[in-house]
Amino acid sequence: MTAHDGRANHVEQNRRYWDNEAAAWHGPLARDHWSQAEPRWGLWATPESRVSLLPDGIAGMRTIELGCGTAYVSAWLARAGAHPIGIDLSEKQLATARAMQAEFGIDFPLVLGKAEKVPYDDNTFDLAISEYGASLWCDPYQWIPEAARLLVPGGHLVFMRYSPLFALCVPPEGPVSNTLSRGQFGLTQLDWGNHVEFVLPHGEMLRLLRSCGFVVEDLIEIQAPQPTNRDYAEVPADWARQWPSEEVWKARLAG
């Protein structure tokens with residue numbers, strides 16, 4: 001499968017998956033995320049103090065969370081003084097986000113829509129961010145150019161996703177292994193039957209970001225902490241202590 005033949009129906013397929021299945025197990029996690037005093041990112045709850053995922057001077061920034069889910073990242077940004085907007089394709093995820101807004105007294109716009117086509121003007125935001133939102137669930141050849149369109153010159157793009165190594169080693173069924181399960185050349189998407197995820201290799205991602213006018217400032221490969229009480233069906237902590245299961249990209253729009 002080549003880099004440019006992403007399935008046209010992935011948006012509807014993923015919308016159904018989140019509304020009909022995933023929101024039910026993800027929703028109960030929202031309160032814990034919203035209540036965190038310090039942002040803790042990704043599968044391994046990596047603290048912001050360790051990775052410095054957010055750019056300096058976040059207070060006052062206009063931010064867009066692409067694929068916001070229950071919008072806890074936007075809540076963290078609001079607490080830090082930013083002016084966030086969240087967009088997501090799942091009505092049920094946004095319903096949970098609105099309930100959390102009411103409970104925690106934090107209000108910001110939530111938009112039902114897709115990150116590949118955001119209903120805001122060019123040069124509107126200072127920061128575009130995605131933690132396992134658009135960064136995993138949307139076609140990168142659509143959502144990354146859209147992020148570039150939305151950002152002001154000098155604006156920041158930060159996103160977290162599965163690592164390509166994880167994608168290469170996870171089989172069609174069962175947890176990630178120590179064996180390569182698929183080829184790297186042509187790696188673009190993982191089709192799980194009821195949903196589709198997108199993971200580009202590092203070279204492809206770097207070229208895509210550069211073609212959209214981004215300067216890559218950092219690539220942080222996350223190691224699971226020792227010890228941890230977290231384990232996941234798809235990736236045990238022991239595996240993620242040896243190899244990166246997830247990573248953070250930090251880029252800035254030239255200009």
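Count residues from 1 along the sequence. Every heavy atom of this structure was used, including side-chain atoms; hydrogens, water molecules and symmetry mates were not.
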Classify the angle between the aromatic ring planes of Trp137 and His195 as parallel (below 30°), tilted (30 to 60°) or perpendicular (above 60°).
->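 The rings of Trp137 and His195 sit tilted, inter-plane angle from 30° to 60°.
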Between Trp25 and Trp18, how do the two ring planes meet: parallel, tilted or perpendicular, split at 30° and 60°?
->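 Trp25 and Trp18: tilted rings.
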Got more than 12 heavy atoms from elsewhere within 6.0 Å of [atom1], [X]?
X: Asn178; atom1: CG; result: yes
X: Glu21; atom1: CD; result: yes
X: Arg182; atom1: CZ; result: yes
X: Arg241; atom1: CZ; result: yes

Could you give the distance from CD (Gln93) to CG (Leu110), rounded to the nearest 0.5 Å?
->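 It is 11.5 Å, given to the nearest 0.5 Å.
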Would you find a donor on one side and an acceptor on the other, under 3.5 Å apart, between the side chain of Arg161 and the backbone of Leu200?
->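 Judged by distance alone, yes, a pair lies under 3.5 Å.
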Does the distance from a Lys or Arg side-chain N to an Asp or Glu carboxylate O, for Arg149 and Asp122, drop under 4.0 Å?
->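 So Arg149 pairs with Asp122 through a salt bridge.
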Before accepting this row, confirm whether a basic side-chain N of the pair Glu217/Lys250 lies closer than 4.0 Å to the acidic partner's carboxylate O.
->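 Salt bridge absent between Glu217 and Lys250.
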Heavy-atom side-chain contact between Phe166 and Pro244 under 4.5 Å |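 The answer is no; the side chains never approach within 4.5 Å.
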Flag the pair Phe159 / Trp143 as yes when their ring centroid distance falls below 6.0 Å, and as no otherwise.
->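 For Phe159 and Trp143, the ring centres are under 6.0 Å apart.
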For residues Trp34 and Phe104, establish whether the separation of their ring centroids is below 6.0 Å.
->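 Distance test on ring centres: under 6.0 Å, yes.
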Between the side chains of Glu247 and Ser163, does any donor sit under 3.5 Å from an acceptor?
->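 Side-chain D/A pair, Glu247 to Ser163: absent.
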Could you give me the CA-CA distance, side-chain angles and deciding distance for Trp44 and Tyr232, then say whether ring pair (Phe, Tyr, Trp, His ring centres under 6.0 Å) is met?
-> CA-CA 10 Å; Trp44 311 111; Tyr232 298 92; 5.3 Å; yes
